[in-house]
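Shown next, in C-alpha cells, is the structure this report addresses.
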Amino acid sequence: MHVRTSGLSRRRWLGAAAAAGGLLARGVGAMTDDAVFSVVDTAHGKVRGLKSGGVHVFKGLRYGADTAGANRFMPPQPVAPWAGVRDATAYGNYAPQMPADRRRAYADLIAYDLQPGGMGEDCLVLNLWTPGPDKAARRPVLVHLHGGGHYAGSGNSPQFDGEMMARFGDAVFVTLNHRLGAFGYLNLAGHGGERYAQSGAVGMLDIVAGLRWVRENIEAFGGDPSRVLVFGQSGGGLKTSTLMAMPSAQGLFHRAGVMSGSGLRAMPQDVSHGIAGRLLAALEIKSGALDKLHQLPMEQLLAAQLAFERIDRQQGEAPRAFAPVVDGVAIARHPFDPDAPALSASVPMVISTTLDERAYRQVNFDLDEAGLLKFAEAKLAGRPGTDAAALVAMYRGEDPRATPFVLQARIDTDTTFRLGAHLQSERKAAQNAAPVWTYLWKTPSPAYGGRYGAPHGVDIGPSLHDIRMGLNGPSADNLALADQLASAWVSFAASGDPNNARTPAWPAFTLARRSTLVFDGPATQTRAVDDPRRAFRELWAARGPAR
C-alpha cells in the first residue's frame with residue numbers, strides 16, 4: 001500500500017504515526033484530561049467542554065428549564081439536576097425570531113442574528129469561555145448581553161464569541177440566550193389575572209436567572225462571583241439599563257456597561273395591555289381563557305408576533321411592539337426616568353455611543369445636499385428656533401468632508417441615541433454615588449469605502465478584542481484600538497474603574513466637566529475630552545424631543 005506523506009520525510013511521518021499510536025494505546029483518557037476536554041462540576045451536575053487555543057469553551061450550558069408549554073409566559077424555572085457528565089460542546093437553542101433580512105449590506109456587517117444553533121423555546125442556555133477552570137484563579141467575569149433589540153439575536157452569534165476576550169483579558173466571558181419578542185414580553189396580566197403578573201418581563205427574568213447561575217457556578221470555571229460586569233451593545237445596553245431597575249437583579253452584578261443602548265423608559269402597562277389584546281384577537285383567544293396559548297405551536301405564535309413587527313419594519317424602525325414592561329414587581333420602575341434608580345446607585349457604569357449610529361437605518365447613500373436639507377427640515381419640525389440651512393451648515397462645519405448620507409445619520413443620532421446617552425449619564429452622575437465614565441467612538445468603519453461613517457455596532461469587535469467582523473477588519477490601527485477598548489472593559493470588570501496601562505487617562509464623567517474618552521482613530525489620537533461636541537448637545541437639549 002502506498003501512503004502519501006504530503007511532503008514529510010518517511011522517517012518523520014513514521015515517527016509522528018508511532019507517537020499518535022502510542023497515545024491512543026494508552027487510552028482516550030490520556031488525551032481528554034489535559035489536551036482536549038474539560039470537565040467541571042456545577043451545582044446541577046457535571047459538564048464537559050472543549051479546550052481550544054488555551055481557552056476552555058463550554059457551550060449550551062443550561063441555566064433554566066424549557067419555556068414551552070406550561071412554562072410559556074411564566075418566570076423561568078430551575079434546571080433539574082442530572083447524573084453523569086452532560087456534553088457542553090455545541091450551541092443550544094436561540095429564542096424564536098425572524099432571521100436577518102440580508103438584502104441590506106448592513107445586516108451582514110453587524111451579523112446580530114446570523115447564528116448557529118437551532119431555534120426553539122428551550123433556549124435558556126449560556127456559553128462560557130475561560131482560561132482555566134481553576135477555583136483559585138478568581139478572574140473577573142464579563143457577562144455580555146447580545147444586541148438585536150428585544151426581538152432578535154443570541155449569545156450564539158459568531159460576533160460575540162468570547163475566546164479572544166478570555167485570552168486577552170485573562171477573564172471569564174459569558175454570553176446567554178433568553179426569551180425575546182412575544183415569548184418574553186407579552187403582557188397578559190390584564191387578560192389572564194395573577195398567573196401572568198410578570199409575563200411582560202419574563203425575558204428579563206431569564207437574564208436574572210442566568211446571573212444567578214453565574215453567582216452559583218462561576219467560581220468552578222475560574223471566575224470571581226464578586227466581580228461581575230454586565231454589559232452589551234444596542235439591545236444589550238437596553239437590557240443592562242433595565243437590570244439596574246430590577247430588585248431581583250441587585251447583588252448579582254457589580255458593574256454595568258451600556259454601549260449604544262441607553263434605556264431610559266420601559267414599556268408602560270397600558271400600551272402593553274393593548275398590544276396583548278390585539279395579539280389575542282389575532283389568535284382568536286379570549287381574555288380569561290388563555291390555556292390555549294400554552295398549547296399553540298411555537299410557529300403560530302411567532303407568526304402572530306411577526307405581523308406586529310412588520311409594521312415597525314415598514315417604517316424603517318426596529319420592531320418594538322414587545323419589550324420589557326414596568327409591572328411594578330419584576331421591573332419596579334422606569335430604568336432611568338425621571339432619574340437613575342436608587343437601588344443600583346452603588347453600581348459604577350460605562351455609557352457610550354458611536355458618532356453615526358443611525359447610518360444603519362438608511363440606504364440612500366447617494367443623498368445630495370438638497371436631500372440633506374429636506375431631512376433637516378423634517379427633524380426640526382416641532383422644534384422651533386433653528387433654520388434648517390443653518391443646521392446643515394453647522395454639521396458641515398464640523399466635518400467638511402462628510403457625505404450628505406453620513407451627516408444625515410449624525411443628525412439623526414444626536415436626536416436619538418446620543419440624547420438618551422447624555423440623559424442617562426447625567427442622571428447617573430447626579431446621584432453622587434458610584435462613578436460613571438463615558439466614551440464616544442468616532443473612528444469610521446472601513447466597510448464599503450467608509451460610506452457608513454462610524455455606525456451602530458462599529459465598536460463591538462474592538463470591545464471584545466475581535467476585529468475580524470465586517471465593520472472593522474484586521475489592521476494595525478484596529479488592533480491598537482481593540483487593545484485600548486478591550487483593556488478598559490477588562491479593567492472595569494476587575495476593579496470597577498476602566499483606567500489601565502493601555503488606555504489614555506480617562507476621568508469619570510461629572511456634570512461640571514462631562515469628560516469623555518474619544519476614540520478618533522488611529523489609536524494614538526484616543527484622548528479624554530471635556531464635553532466633546534458641546535454645541536450639538538446644547539442645540540438638541542434646548543429643543544427637546546419633537547412634538
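This chain uses plain numbering: 1 for the first residue, then up along the sequence.
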Exercise for the section: State whether the side chain of Asn127 and the backbone N or O of Val174 hold a donor-acceptor pair below 3.5 Å, judged by distance alone. Expected result: no
Problem - 4.5 Å side-chain heavy-atom contact, Val143 and Leu229 - result: no
Problem - Non-hydrogen atoms of Tyr185 and Ala201 that approach each other most closely - result: CD2-CA, 4.3 Å
Handout entry: His146 and Ser157, any side-chain heavy atoms less than 4.5 Å apart
Key = no
Show me the donor-acceptor pairs within less than 3.5 Å that the side chains of residues 241-262 make with the rest of the protein, sequence neighbours left out.
residue	atom	partner	partner atom	Å
Ser241	OG	Gly237	O	2.9
Ser241	OG	Gly263	N	3.1
Ser241	OG	Gln424	NE2	3.0
Thr242	OG1	Leu238	O	3.0
Gln250	NE2	Leu243	O	3.0
Gln250	NE2	Met246	O	2.9
His254	ND1	Ser226	O	3.3
His254	ND1	Val228	N	3.0
Arg255	NE	Phe492	O	3.2
Arg255	NE	Ala493	O	2.8
Arg255	NH2	Ala493	O	3.4
Arg255	NH2	Ala494	O	3.3
Ser260	OG	Glu357	OE1	3.2
Ser260	OG	Glu357	OE2	2.5
Ser262	OG	Gln424	OE1	2.7

Practice task
Look up atom OG1 in Thr510 and atom CG in Asp530, then write down how far apart they are to the nearest 0.5 Å.
Solution key: 7.5 Å
Exercise for the section: Say whether, by atom type as modelled, one donor and one acceptor occur between the side chain of Gln431 and the main chain of Pro341 under 3.5 angstrom. Expected result: yes
Handout entry: Pairing of Asp339 and Arg333 as salt bridge, 4.0 angstrom limit
Key = yes
Exercise for the section: Applying side chain to side chain donor-acceptor pair (under 3.5 Å), name anything that partners Asn71, two or more places apart in sequence or on another chain. Expected result: none
Exercise for the section: Please examine the side chains of Val172 and Trp129, heavy atoms only from C-beta on, and report whether any two atoms are closer than 4.5 Å. Expected result: no
Exercise for the section: Assign the ring pair His144 / Phe160 to parallel, tilted or perpendicular, where the plane angle (0 to 90°) is split at 30° and 60°. Expected result: tilted
Problem - Met165 to Ser463 - nearest heavy-atom pair and separation - result: CE-O, 3.1 Å
Exercise for the section: Apply side-chain contact (heavy atoms from CB on, under 4.5 Å) to Ile110 and Leu471, showing your working. Expected result: CA-CA 7 Å; Ile110 198 71; Leu471 283 175; 3.8 Å; yes
Practice task
Compute the centroid of each ring, for Phe509 and then for Trp437, and state whether the two points are separated by less than 6.0 Å.
Solution key: no
Practice task
Keeping the roles fixed (side chain from Ser344, backbone from Val347), state whether a donor-acceptor pair exists under 3.5 Å.
Solution key: no
Practice task
Nearest 0.5 Å please: distance from the CD atom of Gln159 over to the CG atom of Asp161.
Solution key: 11.0 Å
Exercise for the section: Answer yes or no: is there a side-chain heavy-atom contact under 4.5 Å between His465 and Asp483? Expected result: yes
Fill in the blank from the handout: Between Val202 and Phe183 the two heavy atoms that sit nearest each other are CG2-O, 3.7 Å
Problem - Inter-residue atom distance Ser272.OG - Asn187.CG, 0.5 Å rounding - result: 3.5 Å
Exercise for the section: Side-chain contact test, heavy atoms from C-beta onward, threshold under 4.5 Å: evaluate it for Arg537 versus Asp531 and give yes or no. Expected result: yes
Handout entry: Polar side-chain atom of Tyr63 near backbone of Asn177 as donor-acceptor pair, under 3.5 Å
Key = yes
Exercise for the section: Kindly assign one of parallel, tilted or perpendicular to the pair Phe417 and Tyr360, based on the angle between their ring planes and the thresholds 30° and 60°. Expected result: perpendicular
Handout entry: Gln305 to Phe322 - nearest heavy-atom pair and separation
Key = CG-CE1, 3.8 Å
Exercise for the section: Measure the spacing between CG of Leu124 and OG1 of Thr67 and express it to the nearest 0.5 Å. Expected result: 5.5 Å
Exercise for the section: Could you tell me the separation between the CZ atom of Phe336 and the CZ atom of Arg427, rounded to the nearest 0.5 Å? Expected result: 9.5 Å
Fill in the blank from the handout: Heavy-atom closest pair (Asp170 atom, Pro140 atom, distance to 0.1 Å) is O-CD, 4.1 Å
Practice task
Answer yes when Arg514 and Glu426 have at least one side-chain N-carboxylate O distance shorter than 4.0 Å, and no when they do not.
Solution key: yes
Exercise for the section: Verify, without hydrogens or angle tests, whether Glu538 (side chain) and Phe536 (backbone) share a donor-acceptor contact under 3.5 angstrom. Expected result: no
Problem - Test item: Gln77 side-chain N/O and Ala65 main-chain N/O as donor-acceptor pair under 3.5 Å - result: no
Exercise for the section: Would you check if Pro504 and Gln484 make a side-chain contact, meaning some heavy-atom pair closer than 4.5 Å? Expected result: yes
Exercise for the section: Begin with the C-alpha distance, continue with both residues' side-chain angles, and end with the deciding distance and a verdict on side-chain contact (heavy atoms from CB on, under 4.5 Å) for Leu355 and Arg418. Expected result: CA-CA 9 Å; Leu355 186 60; Arg418 196 120 50 236; 3.9 Å; yes
Practice task
Using a strict cut-off of less than 4.0 Å between a Lys/Arg side-chain nitrogen and an Asp/Glu carboxylate oxygen, indicate whether Lys46 and Asp41 qualify as a salt bridge.
Solution key: no
Problem - Side-chain ion pair, Asp134 and Arg139, N-O less than 4.0 Å - result: no
Handout entry: Side chains of His150 and Lys239, donor plus acceptor under 3.5 Å
Key = no
Practice task
Flag the pair Lys442 and Asp356 as a salt bridge only when some basic side-chain nitrogen lies within less than 4.0 angstrom of an acidic carboxylate oxygen.
Solution key: no
Exercise for the section: Measure from the side-chain N and O atoms of Asp414 to the backbone N and O of Trp540, and report whether any donor-acceptor pair falls under 3.5 Å. Expected result: no
Problem - Heavy-atom side-chain contact between Asp497 and Trp506 under 4.5 Å - result: no
Practice task
Enumerate the residue pairs fulfilling side-chain hydrogen bond (donor to acceptor under 3.5 Å, both in side chains) with a member in residues 198-218, sequence neighbours excluded, ordered by first and then second residue.
Solution key: Arg179-Asp206
Practice task
For the pair Gln115 (side chain) and Ser154 (backbone), establish whether a donor and an acceptor sit closer than 3.5 Å, ignoring hydrogens and angles.
Solution key: yes
Fill in the blank from the handout: Nearest heavy-atom contact between Ser487 and Asn500 is CB-OD1, 3.2 Å
Exercise for the section: Using the side-chain contact (heavy atoms from CB on, under 4.5 Å) rule, take His456 and Val458 through it: C-alpha gap first, then chi angles, then the decisive distance, then the call. Expected result: CA-CA 6 Å; His456 193 61; Val458 69; over 6 Å; no
Practice task
Go through the steps for Thr353 and Thr413 under the test side-chain contact (heavy atoms from CB on, under 4.5 Å), then give the verdict.
Solution key: CA-CA 9 Å; Thr353 61; Thr413 300; 5.5 Å; no
Practice task
Report the C-alpha distance between Asp87 and Thr89 in whole Å, list the side-chain angles of each, state the deciding distance to 0.1 Å, and finish with yes or no for side chain to side chain donor-acceptor pair (under 3.5 Å).
Solution key: CA-CA 6 Å; Asp87 183 73; Thr89 61; 2.7 Å; yes
Handout entry: Residue pair Asp327 / Gln269, side-chain heavy-atom distance below 4.5 Å
Key = yes
Fill in the blank from the handout: Output for pair (Thr524 OG1, Leu481 CG), nearest 0.5 Å, gives 9.0 Å
Handout entry: Side-chain donor or acceptor of Ser425 paired with backbone N/O of Ala421 under 3.5 Å
Key = yes
Problem - side-chain hydrogen bond (donor to acceptor under 3.5 Å, both in side chains) partner of Tyr439, the single match among Thr354, Asp459, Thr516, Thr526 - result: Asp459
Practice task
Taking Ser234 for its side chain and Gly236 for its backbone only, find out whether a donor-acceptor pair lies under 3.5 Å.
Solution key: no
Problem - More than 12 heavy atoms from other groups under 6.0 Å of CZ on Arg468 - result: yes
